[in-house]
Amino acid sequence: MPVLTAPRWLALLTLPLGLAGPALAEEETASAVFAGGCFWCMEEAFDPVEGVLSTTSGFSGGHAENPSYNQVVAGGTGHAEVVEVEYDPGVVDYEALLHVFWRNIDPFAVDRQFCDAGDSYRSAIFPMNAEERALAEASRDALADRFDREIATEINDFEAFYPAEEYHQGYYRKNPVRYRFYKSACRREERLNEIWGDEAGGV
């Protein structure tokens with residue numbers, strides 16, 4: 001939390017509680033960014049997690065500013081489809097989010113997830129500081145030991161997040177029939193069960 005100068009403290013004390021409270025509470029949230037293939041599916045994976053406040057579909061890991069969905073999936077921008085998870089670290093920590101992330105992806109797939117192929121569908125973790133990177137690397141190494149094989153998921157320092165177009169946000173809720181058809185055709189759940197068994201989903 002940033003250091004507040006005396007004048008700012010005095011200003012806050014003179015505000016009604018209803019005005020001063022939310023500004024302080026907002027600073028207590030945190031964000032995490034994960035790429036797990038289709039961002040619609042990753043929203044669905046993280047939304048039920050206690051302590052997750054919101055999820056936003058978008059793009060990270062590339063070199064173009066504010067790319068469109070069509071630009072990203074066409075290739076050449078370097079971005080991956082990601083979900084930005086806003087959460088309350090007093091309720092759920094980054095390590096728990098990593099647990100959910102891994103159990104909703106195929107960590108062995110290279111430049112693809114399930115039926116979606118291309119580097120925009122690669123799996124990746126985007127830690128925002130050294131502590132998060134250490135936790136991400138430790139979780140990846142533990143999985144490599146557990147499965148006795150190489151983990152394809154990238155770990156890249158976070159640089160920028162660009163929200164996707166509005167029609168992508170909350171797609172699984174707004175278009176449930178089309179979403180279920182897509183997810184079923186991709187055999188996402190079947191593959192997760194093959195890898196993770198009873199741990200699939202991770203919530």
Side-chain angles (χ1 to χ4, degrees), residues 22 26 29-88 91-92 94 97-98 100-107 109-128 152-154 156-193 200-203:
E26 185 177 346
T29 65
S31 296
V33 174
F34 303 103
C38 170
F39 44 29
W40 303 338
C41 297
M42 297 307 287
E43 280 193 18
E44 183 189 29
F46 280 105
D47 278 342
V49 177
E50 186 177 3
V52 168
L53 305 175
S54 66
T55 56
T56 305
S57 289
F59 315 106
S60 281
H63 51 78
E65 291 188 10
N66 199 29
S68 69
Y69 172 77
N70 288 337
Q71 287 175 316
V72 171
V73 297
T77 71
H79 291 90
E81 286 195 15
V82 301
V83 62
E84 181 186 54
V85 180
E86 183 181 2
Y87 65 100
D88 180 350
V91 178
V92 62
Y94 189 74
L97 296 179
L98 285 169
V100 174
F101 166 73
W102 287 117
R103 285 150 185 82
N104 280 279
I105 69 162
D106 179 347
V110 178
D111 285 343
R112 68 176 304 121
Q113 282 292 297
F114 313 100
C115 67
D116 296 313
D119 66 350
S120 64
Y121 294 106
R122 67 190 185 274
S123 63
I125 302 168
F126 295 91
M128 299 187 182
T153 302
E154 299 177 2
N156 301 315
D157 290 338
F158 175 79
E159 293 183 358
F161 169 80
Y162 300 103
E165 294 86 344
E166 180 57 32
Y167 72 90
H168 286 297
Q169 308 303 332
Y171 188 91
Y172 77 95
R173 293 190 303 268
K174 294 185 290 189
N175 300 278
V177 175
R178 290 183 178 180
Y179 173 73
R180 285 197 298 268
F181 178 80
Y182 157 78
K183 189 175 177 180
S184 175
C186 267
R187 299 190 72 253
R188 190 178 184 107
E189 289 186 356
E190 290 86 346
R191 178 58 178 154
L192 289 177
N193 287 328
V203 179

Exercise. Any side-chain donor paired with an acceptor under 3.5 Å for S54 and E86?
Worked result: yes

Seminar exercise, completed: Tightest non-hydrogen contact, residues V100 and G202, listed as CG2-O, 3.5 Å

For this session: Could you go through the salt bridge (charged side-chain N to carboxylate O under 4.0 Å, His left out) check for D119 and R112 one step at a time?
Result: CA-CA 7 Å; D119 66 350; R112 68 176 304 121; over 6 Å; no

Exercise. So, do P127 and F158 sit near enough that their side-chain heavy atoms are less than 4.5 Å apart?
Worked result: no

Seminar exercise, completed: Correct closest heavy-atom pair for N104 and L192 would be C-CD2, 3.5 Å

For this session: Please confirm whether the backbone N or O of G76 pairs with a side-chain atom of H63, one donor and one acceptor, at under 3.5 Å?
Result: yes

Exercise. Considering all heavy atoms of both residues, which atom of Y69 and which atom of F59 are nearest to each other, and what is their separation?
Worked result: CA-CZ, 3.6 Å

Problem set entry | Pairwise side-chain hydrogen bond (donor to acceptor under 3.5 Å, both in side chains) hits with a residue in residues 160-169, at least two apart | W40-H168

Exercise. Going by atom types only, do E43 and S57 share a side-chain donor-acceptor pair under 3.5 Å?
Worked result: yes

Problem set entry | For F39 against V82, the heavy-atom pair lying closest together | CB-O, 3.4 Å

Problem set entry | Euclidean distance, F46 CZ relative to F101 CZ, rounded to 0.5 Å | 7.0 Å

Exercise. Do R188 and D106 meet the salt-bridge criterion of a basic N to acidic O distance under 4.0 Å?
Worked result: no

Problem set entry | Test item: E81 side-chain N/O and S120 main-chain N/O as donor-acceptor pair under 3.5 Å | no

For this session: Would you give the length of the straight line joining atom OG of S123 to atom CE of M42, rounded to the nearest 0.5 angstrom?
Result: 9.0 Å

Exercise. Is there a donor-acceptor pair closer than 3.5 Å between any side-chain N or O of S60 and the backbone N or O of A160?
Worked result: yes

Problem set entry | Test log, rule salt bridge (charged side-chain N to carboxylate O under 4.0 Å, His left out), inputs E44 and K183 | CA-CA 11 Å; E44 183 189 29; K183 189 175 177 180; 2.7 Å; yes

Exercise. Can you pull the salt bridge (Lys or Arg N to Asp or Glu O under 4.0 Å) pairs that have at least one residue in residues 56-80, sequence neighbours excluded?
Worked result: none

For this session: Identify the two heavy atoms, one from A32 and one from F34, that lie closest to each other, and give their separation to 0.1 Å.
Result: CB-CE1, 3.6 Å

Problem set entry | Residues N175 and Y182: side-chain donor-acceptor under 3.5 angstrom | no

For this session: Determine whether more than 12 heavy atoms belonging to other residues, nucleotides or ligands lie under 6.0 Å from atom CD of E190.
Result: yes

Seminar exercise, completed: Closest non-hydrogen contact found for I105 with G36 is CG2-CA, 3.7 Å

